[in-house]
Amino acid sequence: MSRLSIILVLVVVLSFTKAAFSELCNPQDKEALLQIKKELGNPTTLSSWLSTTDCCNKTWQGVVCDTDTQTYRVNNLDLSNLNLPKPYSIPSSIGNLPYLNFLTIRSNPNIVGAIPPAIANLTKLRYLYISHTNISSQIPDFFSQIKTLVTLDFSYNALTGSLPASLSSLPNLVGITFDGNQISGAIPDSYGSFSSLFTSMTLSRNRLSGKIPATLAKLNLAFVDLSRNMLEGDASVLFGSSKNTQKIILAKNLFAFDLGKVGLSENLNGLDLRNNLIYGMLPKGLTALEHLKTFNVSYNGLCGEIPQGGKLQRFDASSYAHNKCLCGSPLPACT
Ligand SMILES: *[C@@H]1O[C@H](CO)[C@@H](O)[C@H](O)[C@H]1NC(C)=O
Ligand SMILES: *[C@@H]1O[C@H](CO)[C@@H](O)[C@H](O)[C@H]1NC(C)=O
Ligand SMILES: *[C@@H]1O[C@H](CO)[C@@H](O)[C@H](O)[C@H]1NC(C)=O
Ligand SMILES: *[C@@H]1O[C@H](CO)[C@@H](O)[C@H](O)[C@H]1NC(C)=O
């Protein structure tokens with residue numbers, strides 16, 4: 001045999017060996033995943049997670065490895081719709097997947113209990129979605145240690161307790177989505193000191209109470225939804241003509257402030273203030289809002305003529321109904 005053919009044979013044999021005996025999945029990641037499966041009672045929805053197969057070859061349901069960096073560490077785990085037959089906690093073995101960027105646990109009514117402290121070990125976590133489960137307990141303070149976090153979504157669970165004040169120290173946080181829980185207490189003063197990246201705050205359908213902190217005036221939120229709580233005070237801090245605000249949803253609270261004095265972002269496309277204690281006149285500037293699509297100020301203490309022009313007459317009378325003395329189209333003429 002020539003030297004060249006020996007080399008060729010060697011190359012073929014070596015690549016064959018690699019294909020047959022090595023896998024891309026990191027052994028520690030595989031162990032953690034199999035442990036997660038076990039902690040969830042080996043559900044049939046995870047039957048594709050097998051010790052004999054490569055967790056990185058896309059056959060493992062909900063598991064994605066990092067192919068960009070060629071490290072093949074598990075960086076994305078989706079444990080949604082597991083159809084668990086009985087209640088289980090969020091597996092603490094998730095804390096042993098240190099390269100996770102994305103963790104999603106959606107639509108699992110049988111996921112219950114607290115958010116495990118092991119999650120604090122995920123120091124590369126950027127996007128965390130735990131929604132439509134039955135996890136209860138408080139939102140733990142340890143999230144403020146995961147400096148990489150971009151988005152926290154805990155919508156529609158059974159979370160209780162108060163909002164962790166420490167979240168505002170997260171330097172990369174863009175938004176929090178905590179709607180549909182039983183979170184109580186006040187919005188912390190510290191929430192005025194989120195970084196300038198922070199543009200989205202959804203706290204609707206909870207049991208929040210107390211006065212909205214004046215510190216929130218410092219935020220430049222594109223989207224804010226505080227509806228269906230028991231919040232009070234001067235929510236005009238969320239407004240401002242120099243902000244990039246697109247939607248302000250404050251419906252069904254106890255907010256009381258003079259709407260006539262607020263500045264309006266020219267990008268505003270949704271304003272829902274229904275069922276509050278808001279007083280004063282509708283600001284003339286509303287007629288200049290070109291993008292306004294949803295608008296409802298009904299059930300407040302507003303007074304005076306509805307400014308005529310712009311998009312304001314496109315909304316029907318129910319958007320203006322049940323105020324102290326609003327008048328003019330689409331309501332009856334002022335007398
Ligand atoms: C993944 O691995 C299993 C077992 O090793 C194999 O049967 C399957 O064909 C592989 N799938 C891909 C897409 O490589
Ligand atoms: C929570 O559990 C109850 C039953 O205990 C169930 O009816 C409900 O759908 C669950 N909630 C969610 C969000 O899955
Ligand atoms: C966090 O990680 C360390 C080492 O990586 C490990 O020893 C510890 O058990 C983990 N903690 C939790 C709560 O998972
Ligand atoms: C405005 O809100 C009131 C009170 O909730 C509601 O009855 C009405 O249908 C709403 N109108 C529009 C156009 O959304």
Side-chain angles (χ1 to χ4, degrees), residues 155-156 175 177-184 186-187 200-212 216 221-240 243-335:
S155 53
Y156 295 93
T177 306
F178 296 165
D179 50 322
N181 284 284
Q182 291 141 42
I183 303 168
S184 56
I187 298 176
S200 174
M201 183 154 83
T202 305
L203 301 173
S204 50
R205 295 173 192 261
N206 277 292
R207 297 177 185 165
L208 297 171
S209 59
K211 285 205 159 91
I212 185 168
L216 296 198
L221 298 172
F223 181 87
V224 54
D225 185 354
L226 305 179
S227 62
R228 295 170 191 260
N229 282 289
M230 295 168 288
L231 291 163
E232 302 168 33
D234 182 1
S236 71
V237 292
L238 299 170
F239 291 78
K243 298 189 182 189
N244 299 317
T245 315
Q246 288 163 32
K247 267 197 175 60
I248 300 181
I249 307 174
L250 305 177
K252 304 199 175 185
N253 279 288
L254 303 162
F255 290 122
F257 59 95
D258 185 345
L259 189 60
K261 291 188 177 150
V262 303
L264 298 167
S265 144
E266 60 179 353
N267 299 320
L268 204 63
N269 64 43
L271 188 59
D272 189 351
L273 306 179
R274 75 182 78 170
N275 298 84
N276 277 288
L277 305 166
I278 300 166
Y279 52 88
M281 307 198 8
L282 288 175
K284 280 263 184 299
L286 284 171
T287 60
L289 300 179
E290 289 174 26
H291 308 288
L292 200 59
K293 282 192 208 73
T294 57
F295 183 80
N296 199 328
V297 296
S298 64
Y299 294 89
N300 278 293
L302 296 164
C303 211
E305 183 173 19
I306 297 169
Q308 300 294 302
K311 310 259 188 236
L312 286 186
Q313 277 63 48
R314 297 198 188 176
F315 306 106
D316 67 55
S318 73
S319 289
Y320 299 95
H322 296 275
N323 273 287
K324 192 174 160 204
C325 50
L326 277 183
C327 59
S329 172
L331 294 180
C334 305
T335 49

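For the single chain, residues carry numbers from 1 onward in sequence order. Atoms within each ligand, like the ligands themselves, are counted from 1 in listed order. Given the structure is predicted, the values throughout are model-derived calculations rather than measurements.
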Do me a favour and list the nearest non-hydrogen protein atom to [atom] with residue, atom name and distance?
{"atom": "atom 9 (O) of ligand 4", "value": "Ser318 OG, 3.8 Å"}
{"atom": "atom 12 (C) of ligand 4", "value": "Asn296 ND2, 3.3 Å"}
{"atom": "atom 13 (C) of ligand 4", "value": "Ser319 OG, 3.3 Å"}
{"atom": "atom 5 (O) of ligand 4", "value": "Arg274 CD, 3.2 Å"}
{"atom": "atom 3 (C) of ligand 4", "value": "Ser298 OG, 3.2 Å"}

> When you look for heavy atoms under 4.0 Å from ligand 4, do you find them on the side chain of Thr294, its backbone, both, or neither?
Replying inline: neither

>> Let me confirm one number: the NZ-OG distance from Lys243 to Ser265, rounded to the nearest 0.5 Å.
In response: 10.0 Å

> Thr245 versus Leu238: any side-chain heavy-atom pair under 4.5 Å?
Replying inline: no

> Under 4.0 Å from any heavy atom of Asn275, which atoms of ligand 4 are there?
Replying inline: 4 (C), 5 (O)

> Less than 4.0 Å between atom 7 (O) of ligand 4 and some protein heavy atom, yes or no?
Replying inline: no

> Do the rings of Phe257 and Phe239 sit parallel, tilted or perpendicular, given the 30° and 60° boundaries?
Replying inline: tilted

Determine the minimum heavy-atom distance between [X] and [Y], stating which atoms define it.
{"X": "Leu273", "Y": "Ile278", "answer": "CB-CD1, 3.8 Å"}
{"X": "Lys311", "Y": "Leu289", "answer": "CG-O, 3.6 Å"}
{"X": "Asn300", "Y": "Leu277", "answer": "OD1-N, 3.3 Å"}

> Does Tyr299 come within less than 4.0 angstrom of ligand 4, counting non-hydrogen atoms of the residue?
Replying inline: yes

>> Counting only heavy atoms not in Glu266 (residues, nucleotides, ligands), do more than 12 fall under 6.0 Å from its CD?
In response: no

